[in-house]
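Below, chain A is the first sequence line, B the second, and so on; all start at residue 1.
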Protein chains: 2
Amino acid sequence: MENKVQDIRARFVDEWGALGSAWGINRSMASLHARLLVSSEPMSMDDLMEELSLSRGNTSTNLRDLVSWGLVRQVVVRGERKQFFVAEKDPWKVFVTILRERLHREIDPAVDTLGRIAQASEGLPGKEGQELHRVVKGLHGFLLPLRAMAHRVVGAESKILSAISRVL
Amino acid sequence: MENKVQDIRARFVDEWGALGSAWGINRSMASLHARLLVSSEPMSMDDLMEELSLSRGNTSTNLRDLVSWGLVRQVVVRGERKQFFVAEKDPWKVFVTILRERLHREIDPAVDTLGRIAQASEGLPGKEGQELHRVVKGLHGFLLPLRAMAHRVVGAESKILSAISRVL
DNA sequence: CCATACTTTCAATATATTCTGAAAGAACGG
DNA sequence: CCGTTCTTTCAGAATATATTGAAAGTATGG
């Protein structure tokens, strides 16, 4: 029971890694993000790779991705030549950032393609052709407003949540 | 351009597979689901494995999973000894079913653990201990109502969407 | 019951994803 | 400039995930 902070922090890092996988974020990236989230100071690549036992290459790549997602930013530490990193800590911003990324990369193109298929299947012959069109059109018609809602959430303030909560 | 229905249907099956991956559903399972979604008739395991070029074992396992999720159900076809399968076609039900499954399997346990970590980190010493507690508590406090909202959506009627849409 | 039709299971295999580490590249201080 | 420190890249290795296929298991009609 020597260093309790380190133990509990490690538990958090692991748990965040598990949550991350559910969001399409790999373990290294999620661990790095988690560790930075609960740090009271900026950390360098060496700090992180040592504490999390990751290779230099892996650490470098995933930090870069975190920065490009906007979940982490680089900061300058006076008198240090290395880069230091700090995580965005506002849960709403973290949530919105991840949501935006996934909409952009995965959902948007799929929904668009679905729309094209709905069009292409217009007026196909036979029971089979008609069912194809009917279902694809239905799915597209369902997903389109859902996506629009998600985009509005991404652009909104965090208080939108309590507004939604009220109608539920 | 021989059989247009088959071509377009194949496009849809592939696209649904891609969307499925974004939701933690593997390609075989997503393909089977997609093919059944746009079928005007119940299909047997043999129908499916042949059309989608999947092995028997794979088809069997993934159909069973789809049934256990509640996305597909078995039906009896008169005069046939084989099992036949039919997909739930209402987009709202499909959406809610997948959401429920993921909440249950991935989100709920992670959020619970986060809550326990928030508790365990109460009153830790030092700047580091305090930051750990502060951030974990903040994340948990953010995710908890979000999860509650998701659970309410899962239990609601599809018209809840237009109600939410109104406040966005 | 038996023969046959059908389904499930699971060890082996194939595929996809992630991670490592060393070499190449960049930036900095003097 | 030059030596040093720091960062990135990327081919190969390791790991994780998905798929196959054949054997074992189960149900059905006769």
Do A/Asp46 and A/Arg56 sit within salt-bridge range, that is, some charged N less than 4.0 Å from a carboxylate O?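 Yes, A/Asp46 and A/Arg56 are salt-bridged.
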
To the nearest angstrom, how far is [X] atom [atom1] from [N] atom [atom2]?
X	N	atom1	atom2	value
A/Asn62	D/dC10	CG	C1'	15 Å
A/Arg78	C/dG29	CZ	P	13 Å
A/Arg56	C/dG25	CZ	C1'	14 Å
A/Leu48	D/dT8	CG	P	13 Å
A/Met45	C/dT20	CE	P	12 Å
B/Phe85	C/dT7	CZ	P	7 Å
A/Asp65	C/dC19	CG	P	11 Å
A/Met49	C/dT20	CE	C1'	10 Å

Residue whose closest nucleotide on DNA chain C lies nearer the 5' end, B/Asn58 versus B/Asp46: B/Asp46

Can you check whether [X] has a side-chain N or O nearer than 4.0 Å to OP1 or OP2 of [N]?
X	N	value
B/Ser60	C/dT8	yes
A/Asn26	C/dC19	yes
B/Ser28	D/dT19	yes

Transitive ILVMFWY side-chain link B/Val67 to B/Phe84, under 4.5 Å: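 B/Val67 does not cluster with B/Phe84.
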
At under 4.0 Å between heavy atoms, what does B/Arg64 touch on the DNA or RNA strands: base, sugar-phosphate, or nothing?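 It contacts sugar-phosphate atoms only.
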
For B/Thr59, answer base if it contacts any base atom (sugar-phosphate contacts may also be present), sugar-phosphate if it contacts only those atoms, and nothing otherwise; contact means non-hydrogen atoms under 4.0 Å. nothing

Does B/Arg81 get its side chain close enough to the base of C/dC6, under 3.5 Å, for a donor-acceptor pair? no

Can you give me the closest heavy-atom contact between A/Pro109 and A/His104, atom names plus distance?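 Heavy-atom minimum between the residues: CD-O, 3.5 Å.
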
Please assess B/Ser68 against B/Asp65 for the test side-chain hydrogen bond (donor to acceptor under 3.5 Å, both in side chains), listing each intermediate value before the final yes or no. CA-CA 5 Å; B/Ser68 86; B/Asp65 288 350; 4.7 Å; no

5'-most contact on DNA chain D: A/Gln74 or A/Arg27, nearest heavy atom basis?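 By nearest-heavy-atom nucleotide position, the 5'-most residue is A/Gln74.
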
Find which nucleotide of DNA chain D each of A/Gly57 and A/Glu80 is nearest to by heavy atoms, and output the residue with the more 5' nucleotide. A/Glu80

Got a sec: does the CD of A/Glu157 have more than 12 other heavy atoms crowding it under 6.0 Å? no

